[in-house]
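Working notes for the structure below.
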Amino acid sequence: MKTLEDVKKLNIPQKPGSYQFYNNEGEIIYIGKAANLKNRVLSYWQKSASHTPAKYSMLKQIGEIRWIETDSEIEALLLESNLIKKHQPPFNILMRDDKRYVYVKISLEDEVPGVFMTRKLDKSGKYFGPFVSVQAVRETLKAIRKIWPYCTMHKRQAKPCFHYQINLCTGICAGLIERKEYLEKVIRPIMLFFEGKKKKIVADYERDQKLLKKQLQKFSEENLERFETEKKLKSLESKLSNIHRVLEHAAVLSVGEKYANDVVELAKILSLTKVPQRIEGYDIANIFGREAVGSMVVFSGGEPDKNEYRKFKIRIGQGEANDIRMLKEVLERRFSRHAGMEKKGEAWPLPDLIVIDGGRAQLNAAVSILKRNKIDIPVISISKGEGLRSAIARDKLFFPGQKNPLELPLASPALHLIKRVRDEAHRFAISYHRQLRGKNFLR
């Protein structure tokens, strides 16, 4: 068993990375990651360290310590994930703890839809995330419950839950409010909040506030009963005040954070060596080969970067070429341009990941063009199942060299990102195609 003095002599860097513990037979028994490799590894031998029996057993078996430096903690996380998948160390399995980021789940299928923090993705429910900070999620849910008092009971019961007594539940659990009204007044605003549409929520409330004030003015002039309206206005003003207070807190989650973390989740799912900061999506649009066009969309940090979009008017075989040949033309023009313009300093930046709208044939076409131009970039294609573009049709992801496609859960944030890229490429291609059709029709 190594001692603290043994570990101190290793000259471990104070940088992010992944560390690996080997036994005396040269087998990897544990893989971890750290923002500071030296501090993390030394922590195992600190006197104050409280070890489980499994961890103590692991320490007794360590014969060698190695590490791989990375440029960031995120890259360390990805490296750790990829190495664990490859080596399946026994103590990673024995001491497994779910290191996935936390999600917000809205249980729409429940008799009483609720809002929960979770690390597990199921087929049911609507998910938002992943989010890095558990504390930020917890504080956010606590804050929004004061604005929209959601229930967490799942099913109806005879009496209202405890949170109803302290105004943190509408009483939906005891039937004191109809499910339809609860969904409209509580669940829908929460979903808009996590979709990043906070300004829309505030605008709607401010509009209602103006209407209530006008109503109060009218009642005052006509000497009518105004108690109920004053009560509604007071409740609305309280909500607006809480919303503004929530929005001022830096810890509150944003759609930007979600998109950024979708990219990290995608890198983990696809076993990429780095987070794909620039993702390019491609699609073809035509009618029987005519007015054929191609589109290239770019996502940076998980969000559309429309300044980088490009459109291509297909040159070959209008009315004759099939979609595969058209896709090849688009990709050839895009990547040969990079090779030709690189020396002049005018080349388009290369992507970290390419997403093709289509199946295995489209994927193979993309791979052939990349090989021809001697460019090594991860590429996947995504296609619908039997339901075409139906929302419930399962998407299939195709990878070079792999026979069977991957089907991610509908709630997967990684799938959401891939679909956003695919759908945006499709939308952009169709838009340009219709533009050309309109011009030709007017001739």
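Just so you know, residue 1 is the first one in the sequence shown, and it goes up from there. Treat the numbers as computed from the prediction; the structure is a model and nothing was measured.
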#### Entry: Row check, Y432 ring normal vs K311 NZ/CZ: under 6.0 Å, within 45°
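Positive - K311 is close enough to the ring of Y432 and near enough to its axis.
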Do [Y] and [X] meet the salt-bridge criterion of a basic N to acidic O distance under 4.0 Å?
{"X": "D110", "Y": "K155", "value": "no"}
{"X": "R278", "Y": "E280", "value": "yes"}
{"X": "K2", "Y": "E64", "value": "no"}
{"X": "R422", "Y": "D283", "value": "no"}
{"X": "K180", "Y": "E184", "value": "no"}

### Query
What do you reckon, are the aromatic ring centroids of Y19 and F21 less than 6.0 Å apart?
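That pair passes the under 6.0 Å test.
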### Query
Would the H154 and F116 ring centres measure less than 6.0 Å apart?
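They qualify: ring centres under 6.0 Å apart.
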### Query
Can you tell if the side chain of P113 reaches within under 4.5 Å of the side chain of Y182, non-hydrogen atoms only?
yes
### Message
When you compare the side chain of S381 with that of R360, does any pair of heavy atoms fall below 4.5 Å?
### Response
no
### Message
Could you go through E424 and Y309, starting from their C-alpha distance and side-chain angles, then the distance that decides it, and tell me whether this counts as side-chain hydrogen bond (donor to acceptor under 3.5 Å, both in side chains)?
### Response
CA-CA 10 Å; E424 180 65 356; Y309 285 18; 2.8 Å; yes
### Task
Kindly write out the residues that satisfy ring-ring contact (aromatic ring centres under 6.0 Å, His included) with H87, not counting sequence neighbours, or none if the list is empty.
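With neighbours one apart ignored, the set is empty.
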### Task
First locate atom CZ of F398, then atom CD1 of I356, and finally report the distance between them rounded to the nearest 0.5 Å.
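Those atoms lie 13.5 Å apart.
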### Message
With a 3.5 Å distance limit and no angle check, can you tell me whether E109 reaches the backbone of G125 through a side-chain donor-acceptor pair?
### Response
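Yes.
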